[in-house]
Amino acid sequence: MDLQSLVIHGDAAAHDDSGVAPAIHPSSTFRARGAEEFADMVSVPRHARYYARYGNPTVQRAEMLLAQLEAAPAALLLASGMGAVSTTVLAHVRQGDHVVAQSSHYMGTTRLLTDLLARWGVAVSRVDQTDTGAFAAAVRPNTRLILVETPSNPTLAITDLAGVAALARERDITTVADNTFATPVNCRPRDFGIDLVVHSATKYLGGHSDLVAGVVCGEEAAVERIWQDSIVLGACSNAWDAFLLLRGLRTLPLRVERAGATALALARFLEGHPAVARVYYPGLESHPGHALARAQMRGFGGVLAFEPKGGHRAAQQCVSRLQLAANAVSLGGVETLAVHVGSVWEGSLVPEQIEQAGVSPGLVRVAVGLEAAADLVEDFGRALET
Ligand SMILES: *Cc1c(COP(=O)(O)O)cnc(C)c1O
């Protein structure tokens, strides 16, 4: 089924509930009608339905739809994107192991790699994600995991998913791809041989800036293992967010396609603007990863970044002068958001970490929403003029 139809019908097909809209099951605990039934309830490995940290019917509905969208047999919904990234990574490593990751990752993932894993005796090599050979060169005998994120946050660099998946498979290393920016509408990493796909469902999957959630999709046995650790780590999702997510997913392809078309129009406008030094958008022919993005993505997504001439100060001024685009972090909602990346990262990372991630002092990230392209072009044009 085409993704557009899957988001409408994939959920209903997986359930015998007659409600056209999904039911919300807020209960934190579930009653058995006797000792035998209770024994049955607790013995189901995953989706055990006797306590909501182990499983919840509304959460399970969202998981079943998300798995289908990522062409995976199973999915686990978690409390946030970082809940999904951290639980997935921690479920795979122990003291003495080694992880290969990119020099540029989402800020929280960067902290997991550079701070938490080091504290637990897990070594991490971070490589230039645009160079598949660099991943191969970084692999050691004790490498357990390769983590990729494409396009990456916030520089929109592209990783060759098939290339990394192939070199990992040869060496029996598990691959994890953060597919938050692309969404399954534009890219399905498992089609290229990636094992596990994680998302911040807070972004495009939810799509309305009103929930926080994360998901990991993969083979049943792998998801089951992550679930076992998730029960202990405790980053479980809940019925309310799962319901909102199911609602948001119904329009995922429509939203992602429109945001992508508008992002391309805005990127072209910014690239031609005399006050702009550089634009980062994989849909532009000038982007170093354009050919690869064209080969492994159906569309280029709704996020772009640019540097106004004048560095740090000019970037802050430009963001302050935007009227339509809100000065806020996050992405994937219906409203356009713009943020001076340095101002966010400086709060959590040291300058060397920021530089290693390729974040220049004047970088502005724009998460394009669903406003008309002409109105956004006018807003950015006005902000850059002054
Ligand atoms: C936002 C984001 C995350 C973290 O997700 P939360 O839901 O905020 O925890 C992880 N990866 C990427 C690429 C993101 O954009």
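Predicted model, so just to flag it, every value in this text is computed and none were measured. Computed over heavy atoms, backbone and side chain alike; hydrogens, waters and symmetry mates excluded. Order of listing sets the numbers, starting from 1, for every ligand and every atom in it.
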*Asks:* Apply side chain to side chain donor-acceptor pair (under 3.5 Å) to Ser286 and Glu271, showing your working.
*Replies:* CA-CA 9 Å; Ser286 60; Glu271 194 171 45; 2.4 Å; yes
*Asks:* Keeping Thr87 on the side-chain end and Ala84 on the backbone end, is there a donor-acceptor pair under 3.5 Å?
*Replies:* no
*Asks:* Please tabulate protein-ligand N/O pairs under 3.5 Å for ligand 1, atom names and distances to 0.1 Å.
*Replies:*
residue	atom	partner	partner atom	Å
ligand 1	5 (O)	Ser200	OG	2.9
ligand 1	7 (O)	Gly81	N	2.8
ligand 1	7 (O)	Ser200	OG	2.8
ligand 1	7 (O)	Thr202	OG1	2.6
ligand 1	9 (O)	Gly81	N	3.0
ligand 1	9 (O)	Met82	N	2.8
ligand 1	11 (N)	Asp178	OD2	2.7
ligand 1	15 (O)	Lys203	NZ	2.8

*Asks:* Using the rule given for side chain to side chain donor-acceptor pair (under 3.5 Å), can you reason through Arg188 versus Asn179, listing the C-alpha separation, both sets of side-chain angles and the distance that settles it, and then say yes or no?
*Replies:* CA-CA 8 Å; Arg188 292 207 303 196; Asn179 199 32; over 6 Å; no
*Asks:* Going by ring-ring contact (aromatic ring centres under 6.0 Å, His included), name the pairs with one or both residues in residues 332-353, residues two or more places apart or in two chains.
*Replies:* His312-His340
*Asks:* Does Thr110 use its side chain to pair, donor to acceptor, with the backbone of His105 at less than 3.5 Å?
*Replies:* yes
*Asks:* Is any NZ, NE, NH1 or NH2 atom of the basic residue among Glu37 and Arg31 found under 4.0 Å from an Asp or Glu carboxylate oxygen of the other?
*Replies:* no
